[in-house]
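Notes to accompany the following structure.
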Amino acid sequence: MKIAVFVSGGGTNLQAIIDQIKDGSLTNVEIALVIASNDKAYALERASQNNIPSVVMSVKSFESREAWDDAVLAKLNESGAELIVLAGYLSLLGEKTVKAFNNRIINIHPALIPSFCGKGMYGIRPHEAALERGVKVSGATVHIVNENYDEGPILLQKCVDVLPDDTPEVLQKRIMKECEQVILPKAIQLFADGKIKVVNNRVEYN
Ligand code: GAR
């Protein structure tokens, strides 16, 4: 199964997918294309080091959001991607793209949805909010993307303990390593194996 991975930053989740394809723990999956929202994303470097085609498509460089959406969709179709993976992608996809890839877009979120999610909750912020609220566990969620931030059906979640001395940065690092980089490749494998079915806005496994 060909996938397209959307990125905005460091690309540690992209790296986890690349590594698991390489070591054979993620099977029947090929990264056909990496799309970045900005040209500073270190994820682009990771793609090029691994000979994966990549392109920068920032909304700002198009005359309208619609024109950007059309161009993204054309690139995706050209790549043959069957699944879109948002791996630290900090923009909202265009309406046409979301429609065209109905139930075939997944996102990794650095908290246990429905906690600490929605507009503005990205990067370090969910971890700051989790510590402020005093939760004793936090984690990550892979969910299917619909037109609203972080509201689509939940696919996989994994949690870790929040420790007394945690700072947002320390908690973020633990969640990336022990949760995100584990469940995102796992979710892609479930798709590649044809095991995902969405019924009444919930995910069922075949
Ligand atoms: C990850 O922690 C991911 O969960 C988060 O951005 C980071 C990207 O890291 N995504 C969101 O906050 C989306 N709402 P990466 O570029 O190293 O994979």
Side-chain angles (χ1 to χ4, degrees), residues 3-22 26 29 31 33-50 52 54-59 83-94 97-98 105-133 135 137-160 162 166-188:
I3 66 172
V5 182
F6 282 61
V7 294
S8 296
T12 55
N13 280 292
L14 170 66
Q15 191 66 53
I17 300 166
I18 294 171
D19 291 347
Q20 292 203 19
I21 291 174
K22 270 195 190 158
L26 186 51
V29 174
I31 305 174
L33 181 63
V34 167
I35 298 187
S37 59
N38 69 86
D39 59 7
K40 304 276 178 305
Y42 184 70
L44 288 166
E45 184 61 35
R46 298 183 193 270
S48 105
Q49 279 165 8
N50 289 279
I52 298 166
S54 65
V55 61
V56 178
M57 299 185 92
S58 112
V59 189
L83 176 74
I84 295 177
V85 178
L86 306 184
Y89 185 66
L90 303 181
S91 313
L92 205 54
L93 283 179
T97 302
V98 173
I105 307 173
I106 59 175
N107 177 47
I108 179 83
H109 182 73
L112 297 171
I113 289 175
S115 290
F116 316 122
C117 63
K119 200 168 169 26
M121 273 293 176
Y122 60 85
I124 198 74
R125 293 187 191 168
H127 307 297
E128 289 170 346
L131 290 180
E132 213 160 277
R133 185 65 185 83
V135 293
V137 294
S138 191
T141 302
V142 179
H143 66 93
I144 293 179
V145 170
N146 61 19
E147 35 317 303
N148 303 317
Y149 276 106
D150 302 332
E151 283 183 13
I154 291 170
L155 200 56
L156 290 173
Q157 293 186 301
K158 191 166 190 295
C159 66
V160 290
V162 175
D166 275 347
T167 61
E169 290 75 18
V170 167
L171 181 61
Q172 178 184 45
K173 229 176 177 178
R174 184 179 318 119
I175 288 175
M176 280 173 135
K177 187 160 181 275
E178 294 181 26
C179 305
E180 299 185 29
Q181 292 162 22
V182 175
I183 60 175
L184 187 58
K186 210 173 186 175
I188 297 168

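Both counts, for ligands and for their atoms, begin at 1 and track the order of listing.
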Near [X], which atoms of ligand 1 are under 4.0 Å from a heavy atom of that residue?
X: Ile108; result: 4 (O), 10 (N), 13 (C)
X: Tyr122; result: 12 (O), 14 (N)
X: Gly10; result: 16 (O), 17 (O)
X: Gly9; result: 16 (O)

Enter the distance from [X]:[atom1] to [Y]:[atom2] here, rounded to the nearest 0.5 Å.
X: Phe116; Y: His127; atom1: CZ; atom2: NE2; answer: 11.0 Å
X: Gln49; Y: Ile18; atom1: CD; atom2: CD1; answer: 8.5 Å
X: Lys173; Y: Thr167; atom1: NZ; atom2: OG1; answer: 9.5 Å
X: Glu151; Y: Ile144; atom1: CD; atom2: CD1; answer: 14.5 Å
X: Ile17; Y: Gln181; atom1: CD1; atom2: CD; answer: 10.0 Å
X: Asn146; Y: Asn107; atom1: CG; atom2: CG; answer: 10.5 Å

I need the nearest protein heavy-atom contact for [atom]: residue, atom name and distance, please.
atom: atom 3 (C) of ligand 1; value: Glu180 OE1, 3.3 Å
atom: atom 14 (N) of ligand 1; value: His109 ND1, 3.5 Å
atom: atom 16 (O) of ligand 1; value: Gly11 N, 2.7 Å
atom: atom 6 (O) of ligand 1; value: Gly88 CA, 3.8 Å
atom: atom 12 (O) of ligand 1; value: Gly123 N, 3.0 Å
atom: atom 17 (O) of ligand 1; value: Thr12 OG1, 2.6 Å
atom: atom 11 (C) of ligand 1; value: Pro110 CD, 3.6 Å
atom: atom 9 (O) of ligand 1; value: Met176 CE, 3.3 Å

Quiz item: Under the 6.0 Å and 45° cation-pi test, does Arg125 pair with Tyr122?
Solution: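 Because its charged atom sits under 6.0 Å from the ring centre and within 45° of the axis, Arg125 does stack over Tyr122.
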Quiz prompt | Geometric N/O contact Asn13 with ligand 1, under 3.5 angstrom | solution =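 Asn13 vs ligand 1: N/O contact under 3.5 Å present.
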Quiz prompt | Check: Ser138 side chain, Ala111 main-chain N or O, donor-acceptor pair, under 3.5 Å | solution =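 The answer is no, because no donor-acceptor pair under 3.5 Å joins these two groups.
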Quiz item: Between Asn38 and Lys40, is there a donor-acceptor pair closer than 3.5 Å when you use the side chain of the first and the backbone of the second?
Solution: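 Checked: pair present.
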Quiz item: Heavy atom under 4.0 Å from ligand 1: found in Met121's side chain, backbone, both, or neither?
Solution: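 The part of Met121 near ligand 1 is the backbone, not the side chain.
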